[in-house]
Number of protein chains: 6
Amino acid sequence: MTTCNCAPIPHLPWQPRPAGDVHDAPLWRYEGNPIIGRNPAPGIARIFNSAVWPWQDGFVAVLRGEKVNGVPEIFLGHSKDGLNWQVDHDPIPFVDEEGRSFMPRYAYDPRLVRVEETYYIIWCQDFYGASIGMAKTEDFETFVRLENPFIPYNRNAVLFPRRVNGNYLLLSRPSDSGHTPFGDIFLSESPDMVYWGKHRHVMARGSVWWESVKIGAGAAPIETDEGWLLFYHGASSTCSGLVYSIGGAVLDRENPSVVRYRCENFLLTPETEYEERGFVANVCFPCAALCDGATGRIALYYGAADSVVGVAFTTVEEIVAYIKAHSVLTEQDREIGRR
Amino acid sequence: MTTCNCAPIPHLPWQPRPAGDVHDAPLWRYEGNPIIGRNPAPGIARIFNSAVWPWQDGFVAVLRGEKVNGVPEIFLGHSKDGLNWQVDHDPIPFVDEEGRSFMPRYAYDPRLVRVEETYYIIWCQDFYGASIGMAKTEDFETFVRLENPFIPYNRNAVLFPRRVNGNYLLLSRPSDSGHTPFGDIFLSESPDMVYWGKHRHVMARGSVWWESVKIGAGAAPIETDEGWLLFYHGASSTCSGLVYSIGGAVLDRENPSVVRYRCENFLLTPETEYEERGFVANVCFPCAALCDGATGRIALYYGAADSVVGVAFTTVEEIVAYIKAHSVLTEQDREIGRR
Amino acid sequence: MTTCNCAPIPHLPWQPRPAGDVHDAPLWRYEGNPIIGRNPAPGIARIFNSAVWPWQDGFVAVLRGEKVNGVPEIFLGHSKDGLNWQVDHDPIPFVDEEGRSFMPRYAYDPRLVRVEETYYIIWCQDFYGASIGMAKTEDFETFVRLENPFIPYNRNAVLFPRRVNGNYLLLSRPSDSGHTPFGDIFLSESPDMVYWGKHRHVMARGSVWWESVKIGAGAAPIETDEGWLLFYHGASSTCSGLVYSIGGAVLDRENPSVVRYRCENFLLTPETEYEERGFVANVCFPCAALCDGATGRIALYYGAADSVVGVAFTTVEEIVAYIKAHSVLTEQDREIGRR
Amino acid sequence: MTTCNCAPIPHLPWQPRPAGDVHDAPLWRYEGNPIIGRNPAPGIARIFNSAVWPWQDGFVAVLRGEKVNGVPEIFLGHSKDGLNWQVDHDPIPFVDEEGRSFMPRYAYDPRLVRVEETYYIIWCQDFYGASIGMAKTEDFETFVRLENPFIPYNRNAVLFPRRVNGNYLLLSRPSDSGHTPFGDIFLSESPDMVYWGKHRHVMARGSVWWESVKIGAGAAPIETDEGWLLFYHGASSTCSGLVYSIGGAVLDRENPSVVRYRCENFLLTPETEYEERGFVANVCFPCAALCDGATGRIALYYGAADSVVGVAFTTVEEIVAYIKAHSVLTEQDREIGRR
Amino acid sequence: MTTCNCAPIPHLPWQPRPAGDVHDAPLWRYEGNPIIGRNPAPGIARIFNSAVWPWQDGFVAVLRGEKVNGVPEIFLGHSKDGLNWQVDHDPIPFVDEEGRSFMPRYAYDPRLVRVEETYYIIWCQDFYGASIGMAKTEDFETFVRLENPFIPYNRNAVLFPRRVNGNYLLLSRPSDSGHTPFGDIFLSESPDMVYWGKHRHVMARGSVWWESVKIGAGAAPIETDEGWLLFYHGASSTCSGLVYSIGGAVLDRENPSVVRYRCENFLLTPETEYEERGFVANVCFPCAALCDGATGRIALYYGAADSVVGVAFTTVEEIVAYIKAHSVLTEQDREIGRR
Amino acid sequence: MTTCNCAPIPHLPWQPRPAGDVHDAPLWRYEGNPIIGRNPAPGIARIFNSAVWPWQDGFVAVLRGEKVNGVPEIFLGHSKDGLNWQVDHDPIPFVDEEGRSFMPRYAYDPRLVRVEETYYIIWCQDFYGASIGMAKTEDFETFVRLENPFIPYNRNAVLFPRRVNGNYLLLSRPSDSGHTPFGDIFLSESPDMVYWGKHRHVMARGSVWWESVKIGAGAAPIETDEGWLLFYHGASSTCSGLVYSIGGAVLDRENPSVVRYRCENFLLTPETEYEERGFVANVCFPCAALCDGATGRIALYYGAADSVVGVAFTTVEEIVAYIKAHSVLTEQDREIGRR
């Protein structure tokens, strides 16, 4: 039985799997979806692709809010139960090391990860092209920008929740500056969150159809005794645009560029109206997965149709078992990665 | 307080803004939308992107009707209240100056504008590529084709409702002959509706995300004491196709190539099922805006999802105030336009 | 009055045309659509684009099943009434002439046609690119692969239900290996189902808008005294992807590369939610049309939105009359085809 | 025998056709080509695609000069014999009607035509995209900009050397703003060089291979008793880029949108090293054709490989006879042009 | 020592390898290249990509002649020595079985192969897209068109000079209808030159850089005791277009879809001015290889820069030894080919 | 007068500027160009885009050698005078830290820079896409691979010849994995040649036409008292492919992401036959610039037409004066670079 190396989150949202669920994978939608709908606050048209972390006796979220001018920015949200959210009216006020305002022109698809006593926000922004931006906070009041980890073009960067072998670890997806018709996941290391190196290839797109165009890390990995449980997105190309599904893999605990298990099936694919209809139809885009160390319950937050936020549930035990049972690995998955 | 220079339209359709409307901009949908649905007449599969003008004690419309062979033509419609429409079974029978039948191969996205005692219909057609066609009528029985104003490639031409400085004014959008991944609005002048010149650039695409791919004039401008109120469409690119929203600007009264105010927010973006699902998902495409000079009420007609017709309401005062309050101008907007 | 040269199918599914149907063409949807929905069997996410043939006292179907890894395979289905289906859990086990397993890597969009005493299954597969695969069975227990009829790239092959002038006839659509932005229907002959030649062009795309991108044969042709009734699909290009509609033509009985009638109107186009929303929005894709020789009733099976299966009904008499009444032919249609 | 309606140019450059010339068409290269080579003046890297007109006792030229920063501008050149040229160091100083400097950002492919007592320079420039610019001069000292005749996108505009039926006539080629993979020639009229209308299609690309991608008017038409003799360029697409050849046609004298003869053969195609090697390999691009009314001799100036200037010779009688002898017309050529 | 199964050709052109030749592969250019230059006959601008066969006491050739209208047709040429050629003024007059004129619209890249007592000409033509055309002759006076072997899209078909296991064998390259950015070689069989089947994959593009875009059979295979010696072309992509080099392989004698040796190096790549400069720069395109059975000498004819014809020499012994010494095979090369 | 901070190189190749040189910029070609021609060693078809550094009493070079299979690898060359070169027969044998062979699949466009006592070789290779590879040597016998500095996609990385503020500095150009139609130069820092960060934008493409598509660092910067002198390449797009010219800039000495001067003119553009004709026509691609600290003489090595190597000469004083005299800076050039 798989167990996780996570702190308990006693107030984690939860709903058991409905009886008679015909889906293959043990990942089921919250019946109250979407939990954040259209026009959630004045001047914000859509919130989606957002990340959540426990904070004090509730939860905090970094939210991709697309304003009524269409420009995305990152907003802070607070919630007691992880399902009902209050959204700040203004974007998160990033500052530089001297405390001066230091805002990206726009920012989207944020992730939120705690490492040691610090919370890191990672997003995609313009740095002469699509690139990764980063900030840190300890109190969710002051948010200090860090050096951008990479030169362009990159998206979907996700930090590991602890150092491994003394270094910080970051997954990311080299991209182009448009809609990017390709994309694999890479791993990079840093001793100090300033300089990055020892880049390794983790997983390529394309082992099966649902993820044959590109893949990107979704939620911060969850440490289990089988390895790091990674929820990621995979995109397929149709003659009416891309379809984004949610996939799962388990990375080696000591050397996460090695994939130990990778599920050949998607775990969740657009089926409901709020996933298939919206600003961008047919998108399920995971950004956060919280795991209660006491029960192994997982709440997965994902953006739907680039319009709203949904939640799905599973348990560490069930989902790792399913991933292992349907694991198909390529040579590229198994290896540390050429350089 | 902004007032308009329009004739009264006492029978203009109207519905007040719903209490609790959470949208940012003061433009609200008619609850009875869509007012023209699928298969509205034998042999016509879809009506959308259509324009309306007061006529006698009711209204007349030029309708983009996509026939069951998929080919668009322009049909005439009549209505007493502007909401319930009777659609002619045959397309408008255009003739040349000698009264002989003179039909374009196909025609789409018509506009309808009265200047002095004449009604002008302007549309897009094939002229060895996508181009502007024009006709005039005084009685909605005889429709005489005019010279095409431009060589290819062009779309979304809209006439001003009066001459300015003695000349007719026409907005248009240079295009290519495909799906046109670019597009700005230009202004051209004519002393006689035959020869056109003094072309000026009005507004570029791209000041914010929702209109970053292309823009095009929508409804004939409404003259107000702040300038010409222009509803236009702007398109954004997603990995599942384009999204068309409705925007607003106010052009200088004497020199309309100068933009006085331009709203950085969209005024209305696809959200309802009839806007997000259809032949072309995610399209709100304005073609006419009628203003009652007595009350300042505006009824905006727009095509939805290239499948049906919707109406939205606002008032001159509210919408101009909103546009001014959120106006962001570029150098290109402010200037008369290089040549 | 048109009659057909078909065997009686007394148990053919049927539902009369609803009173007040406003559609132009006499082809109406079954009210119980979709007849096969999402997640119809464990490990199968979607069934669509599938073909049916009478078998014993019921029906048998070859089904495009897209598994939870997104890979399509062909599954067998059985039904008593042609509306309620049991789906096999495993794909059809193809073998070579010696009876050894001989599976394509993947297979999709199958057709099923009986010629003399043999049932032929035809599909699209990888043969160093998109190509046609074929197998035969006489008992729906043993399925023997045949030679691939063509070198790449090809899709949408459909066999005629009897030999003409001693040869087997096959319609197909030369393609590329991607989403194929072009496509016409060709006819090929074979004396033995091994060697193919005398290729002739049947119909080009593009005579009207709904089919201007590409066309492909849908159902096995139905022999009538006016010629071979062919249901096919046609695709149109919008700025949010392709739209697939269903069209109809009648091919010459003796020389089917000659088109005798071709309906300029689509017979059915995406309008319902199950056709406009799904894995690939806006797709109606016909794969089989069963005709009861006693009554002339036709049940047309089509895939909807690459997600589910629908049925529509008509009669030989009504549909041929409609196709004739709206027939528009090009030179290419009328001729045998250059070579 | 064809005669021309041109003034005598006794000092026109001339060299008889070499004995044993194996080319098909009676258009032969000057042996001293290129007449303007690389680096012809400080700061100018290349001169090509340039036009010439008689002036006083010699000739004047408007030259496309590509500076050492790669930006093209129009320079004035003077020559006694039409073969040896002095090039101004600074670009032509265009002014507006008040005499203030009014320079385009860049300008290329100029033409030069005298109508009545005025000399017109026409070029391609940026006007929110590739467009036509124009200026006039009477003394080659003051160059006054005129209104741009069209909204974008357009290139290769050429004026007729006299009014026809009271109106100025302008050939042009609607384009896109990139390398433009398409293009036909249109005709437009103006009573005053300010307002333009009555646009008609003249000739389409594509009747044979050497001109199947796009065509564009080259030299100002020469009036002959058979009609207007037009030298134009046609482009063909290869897997190493476009190839530009020189073609010829004769347009109707009274209604030049009607093509009377159009030569199916190119008249001259890249063959020499200075045409096949350079900044853009394989380009012969005609911009001016001077005709001596006394002898019918023609000197054709053309850009070669976007790097140098060449001259070729023929006579009105020979070239019109050749065009007539090899004329192939399409329906589009023969007609006035739909609208 | 490798020997060939060819008839003697005592008058085969020959020139020994120059002393000090620094090239790697034993294939050297004729010093008199190009043997057919520009404008070789009235109305023909370029001859290239042409094939040769012994005939009576000299040679006959099928020549790709690009006329002065740019359209390619196939011309007959005669030569005593294989180096100096007389070219017919008119294209080869193809007829149908009844002797009526039956010309393709255009035809290019012909090959010429004798099988038993008949000479077959194979070319590329329009058949609703790029496809293979064929004709036969026994006297080079009457040329009877055969059925096109395939539906579109295909190019570079080459017949084997004898039947194998009773069937005719044809190599070809499935293509698209444009410049085709991909392409592998396939093998097809026919009992009668009318019906074709048993298609097998022979070789894929891409094993090394010089042939990574596409490959196509060049000359009719030469039978040796090691197998069928095949000269083919391979294309590489640069930022200034494609580069075509000449490669070599040896196919299995009994089952030529199996590759026995395939040289990882090109045998000849564009280096001379007549190969690097012309209508399409950087093309060496082999179409015929004649082998003298008495000496093993080979004369290879190839088109250069789509402008002229060159010859290169080698011997069976040297070239097969070189191919074997540098052979690198993939799995796809070694196998008969999936279907 | 500008002076450089370089060691003396008394044996640097040199040739004074020819009298009467008409070029604008003070950079002139060596009359003996190309110094390395085609087929320079057995099995190597072309050497180009190569870098040179002084070594012992002569010079050493890292050479891009394209083998007769078209695959590029890096070869070592030795020369006494920097003009006549001996090329190793085998590629440089890279090893990992343990001394085991560690070869990239292929490698191209190498640079060579000495920092302190170590020589660094930097190149482009496959790392799941086009990326930067690196190795170090102290004796040109053992070459130890370093960590790849970046995740894909990147090209044209160049190291500074000394640490600045304690960190190593690396210029590079984010790319895609194809022919990359875009590209700016970035600067990255590292304390240890393993971890990289503090990425800053240096210069964008596009300030003038000759460099409007993309730019890339060429030679290792030369330290002068005005700043770091950088030779780089810029590409322009024509309808026959890209044209690569050589440009120059001076970067701030302490903060090289700030551009102090940038020459709006190219310094050298393809003009000679060996630059305009070859495997890739129209390429001048600088990879090394050696400066003699005693005289300020510079020898610039550049690849020509992807086929051969050329040398050009200048002096620090002249070239910096020219760059300053023609400097045009954008805001992006002047600033440190957003992040």
Side-chain angles (χ1 to χ4, degrees), chain D residues 18 20-29 179 181 205-213 215 233-248 262-284 304-305 322-323 325-328, chain E residues 36-46 48 64-73 87 89 105-108 126 155 175-183 213-214 216 233 235-244 270 273-283 285 305-308:
Chain D
D21 185 334
V22 299
H23 290 90
D24 211 59
L27 182 65
W28 56 95
R29 292 168 178 86
H179 288 309
R205 62 191 175 284
S207 67
V208 278
W209 285 37
W210 65 270
E211 54 173 337
S212 60
V213 173
I215 57 175
H233 69 258
S236 165
S237 171
T238 80
C239 60
S240 282
L242 299 182
V243 177
Y244 285 76
S245 305
I246 301 177
R262 180 177 180 176
C263 187
E264 72 160 343
N265 302 339
F266 52 73
L267 302 180
L268 191 137
T269 197
E271 278 185 19
T272 67
E273 188 174 33
Y274 59 86
E275 293 161 346
E276 292 194 328
R277 218 196 80 198
F279 188 74
V280 184
N282 285 322
V283 176
C284 293
Y322 184 83
I323 291 171
H326 299 86
S327 179
V328 176
Chain E
I36 305 181
R38 296 277 186 130
N39 301 296
I44 304 181
R46 296 174 292 272
F48 55 99
R64 173 175 178 165
E66 227 150 83
K67 296 179 301 179
V68 288
N69 62 5
V71 179
E73 294 201 70
V87 180
H89 286 205
R105 293 181 174 182
Y106 55 81
Y108 57 87
D126 174 54
R155 288 197 182 90
S175 301
D176 68 16
S177 225
H179 288 309
T180 312
F182 59 85
V213 174
K214 54 183 169 181
H233 69 258
S236 167
S237 172
T238 80
C239 60
S240 281
L242 299 182
V243 177
Y244 285 75
E273 188 174 32
Y274 59 85
E275 293 160 347
E276 292 193 329
R277 217 196 80 197
F279 188 74
V280 184
N282 286 322
V283 177
F285 192 92
D306 278 24
S307 299
V308 299

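Throughout, a chain's letter reflects where its sequence line sits, starting with A, and its residues are numbered from 1.
Contact of E:Glu273 with chain D is made through the side chain alone, with heavy-atom distances under 4.5 Å. Contact of E:Tyr244 with chain D is made through the side chain alone, with heavy-atom distances under 4.5 Å.
Using a 4.0 Å cut-off between charged side-chain N and carboxylate O, E:Arg38 and D:Glu275 make no salt bridge.
To the nearest 0.5 Å, atom CG of residue E:Asn69 and atom NE2 of residue D:His326 are 9.5 Å apart. Taken from CZ in D:Arg277 to CZ in E:Arg277, the straight-line distance is 8.0 Å, to the nearest 0.5 Å. Distance check: D:Cys239 SG to E:Asn282 CG gives 10.0 Å after rounding to the nearest 0.5 Å.
Per-residue heavy-atom pair counts under 4.5 Å with chain E were compared for D:Asp24, D:Thr269, D:Val328, and the maximum is reached by D:Asp24. Options E:Pro42, E:Pro72, E:Ser307 differ in how many heavy-atom pairs under 4.5 Å they form with chain D, and the most are formed by E:Pro72.
Under the ring-ring contact (aromatic ring centres under 6.0 Å, His included) criterion, D:Tyr274 pairs with no residue, sequence neighbours left out. Not counting sequence neighbours, the partners of D:Ser237 by the side-chain contact (heavy atoms from CB on, under 4.5 Å) test are D:Val213, D:Leu242, E:His179.
Taking each heavy atom of D:Ser240 and E:Ala281 in turn, the nearest pair found is OG-O, 3.6 Å.
Proximity of E:Val68 to D:Phe266: side-chain heavy atoms (C-beta onward) are separated by under 4.5 Å at one or more points. With a 4.5 Å cut-off on side-chain heavy atoms, E:Lys67 and D:Asn265 do not count as touching.
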